[in-house]
Amino acid sequence: MRIGAWAVRLSRSFRFATRGIWVAGRGANFRIQLASAGGVVFLTVAYGITGSHLGLVVVSIAAVLSAELMNTAIERTCDFIAELHGIGRDPRIRDIKDLAAGSVLLVALGALVNGIIVFGPELM
């Protein structure tokens with residue numbers, strides 16, 4: 001495979017991924033998560049967090065935003081399938097969507113614990 005063809009495919013992949021983030025950004029939940037991440041970044045800079053604690057902050061933000069993206073994708077897929085097949089309100093679809101939302105909650109709680117570890121000493 002030529003380097004040029006590889007670079008074009010890689011560029012397209014990044015463009016599609018960026019579009020996915022943009023699409024998710026129109027949803028209320030992702031905006032809430034993004035605003036929270038902005039607040040955490042502000043606190044990180046304000047308190048001068050560095051080193052491994054900075055790593056915890058970055059990984060926590062990335063994990064929560066990634067989980068929210070996956071949750072949005074799963075919810076949209078479920079909604080599409082339900083609409084396409086005229087399912088309406090099906091308890092199986094509800095369970096799938098609740099499981100995806102639960103995964104976001106678990107990641108967010110883990111991020112909260114990391115936040116307590118990182119910012120707790122600064123706030124005391």
Side-chain angles (χ1 to χ4, degrees):
M1 172 170 44
R2 292 187 345 235
I3 298 281
W6 175 81
V8 168
R9 280 198 295 193
L10 184 63
S11 172
R12 283 185 189 150
S13 294
F14 276 105
R15 203 167 58 241
F16 296 149
T18 303
R19 182 181 175 280
I21 294 169
W22 179 259
V23 168
R26 293 187 292 194
N29 288 343
F30 192 77
R31 280 193 230 152
I32 290 168
Q33 302 289 5
L34 209 49
S36 298
V40 170
V41 168
F42 174 79
L43 289 175
T44 301
V45 171
Y47 288 116
I49 303 299
T50 60
S52 60
H53 282 169
L54 178 60
L56 280 175
V57 170
V58 170
V59 168
S60 294
I61 289 172
V64 170
L65 292 177
S66 295
E68 188 59 50
L69 282 169
M70 290 304 299
N71 180 50
T72 300
I74 290 168
E75 286 184 352
R76 285 183 173 212
T77 302
C78 287
D79 292 344
F80 174 71
I81 290 169
E83 181 183 324
L84 185 67
H85 294 288
I87 295 172
R89 294 188 180 266
D90 186 288
R92 295 169 297 185
I93 296 285
R94 183 198 63 219
D95 288 349
I96 293 166
K97 291 170 80 171
D98 288 350
L99 287 164
S103 70
V104 176
L105 178 60
L106 283 178
V107 172
L109 289 173
L112 176 63
V113 169
N114 282 341
I116 291 169
I117 292 167
V118 171
F119 296 108
E122 302 292 335
L123 299 174
M124 296 294 168

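What you are looking at is a predicted structure, and each value in this text was computed from that prediction instead of being measured. Below, each value reflects all heavy atoms present in this structure, side chains not excepted, and no hydrogens, waters or symmetry copies.
- Rounding to the nearest 0.5 Å places CD of Gln33 at 9.5 Å from CG of Asn71.
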* Starting from the C-alpha separation in whole Å, work towards a yes-or-no answer on side chain to side chain contact (heavy atoms under 4.5 Å, CB included) for Arg15 and Ser11. => CA-CA 6 Å; Arg15 203 167 58 241; Ser11 172; 4.1 Å; yes
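- Hydrophobic clustering of Ile, Leu, Val, Met, Phe, Trp and Tyr side chains at less than 4.5 Å, counting indirect connections, unites Leu123 with Val118.
- Residues Met70 and Trp22 fall into different hydrophobic clusters, defined by Ile, Leu, Val, Met, Phe, Trp and Tyr side chains chained together at heavy-atom separations under 4.5 Å.
- Connection of Leu54 to Val40 is established within a shared hydrophobic cluster, with ILVMFWY side chains joined at heavy-atom distances below 4.5 Å, either directly or through further cluster members.
- Screening Lys97, Arg89, Arg94 for a salt bridge (charged side-chain N to carboxylate O under 4.0 Å, His left out) with Asp79, the sole residue that qualifies is Lys97.
- In this structure, the separation between CG on Asn29 and CZ on Arg31 is 10.5 Å, given to the nearest 0.5 Å.
- Atom CH2 of residue Trp6 and atom CG of residue Leu10 lie 5.0 Å apart, to the nearest 0.5 angstrom.
- Atom CD1 of Ile74 and atom CG of Leu69 lie 11.0 Å apart (nearest 0.5 Å).
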* To do: Give the intermediate values and the outcome of side chain to side chain contact (heavy atoms under 4.5 Å, CB included) for residues Leu43 and Glu122.
  => CA-CA 10 Å; Leu43 289 175; Glu122 302 292 335; over 6 Å; no
* Just do the side chain to side chain contact (heavy atoms under 4.5 Å, CB included) check on Ser103 and Val107 with the steps written out, would you? => CA-CA 6 Å; Ser103 70; Val107 172; 5.6 Å; no
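- Partners of Ser60 according to the side chain to side chain donor-acceptor pair (under 3.5 Å) rule, which considers only residues two or more places apart in sequence or in another chain, are Asn114.
- Within the model, atoms OG1 of Thr44 and CG of Leu56 stand 10.5 Å from one another, a figure rounded to the nearest 0.5 Å.
- In this structure, CD1 on Ile81 lies 14.5 Å from CZ on Arg76, to the nearest 0.5 angstrom.
- A continuous path of Ile, Leu, Val, Met, Phe, Trp and Tyr side chains, each step under 4.5 Å between heavy atoms, connects Ile117 with Val41, placing both in one hydrophobic cluster.
- Here the rule is side-chain contact (heavy atoms from CB on, under 4.5 Å) with Glu68, and of Thr72, Leu65, Val64 only Thr72 fits it.
- Cluster annotation: Phe30 and Val104 are assigned to distinct hydrophobic clusters (Ile/Leu/Val/Met/Phe/Trp/Tyr, side-chain heavy-atom contacts under 4.5 Å, transitive).
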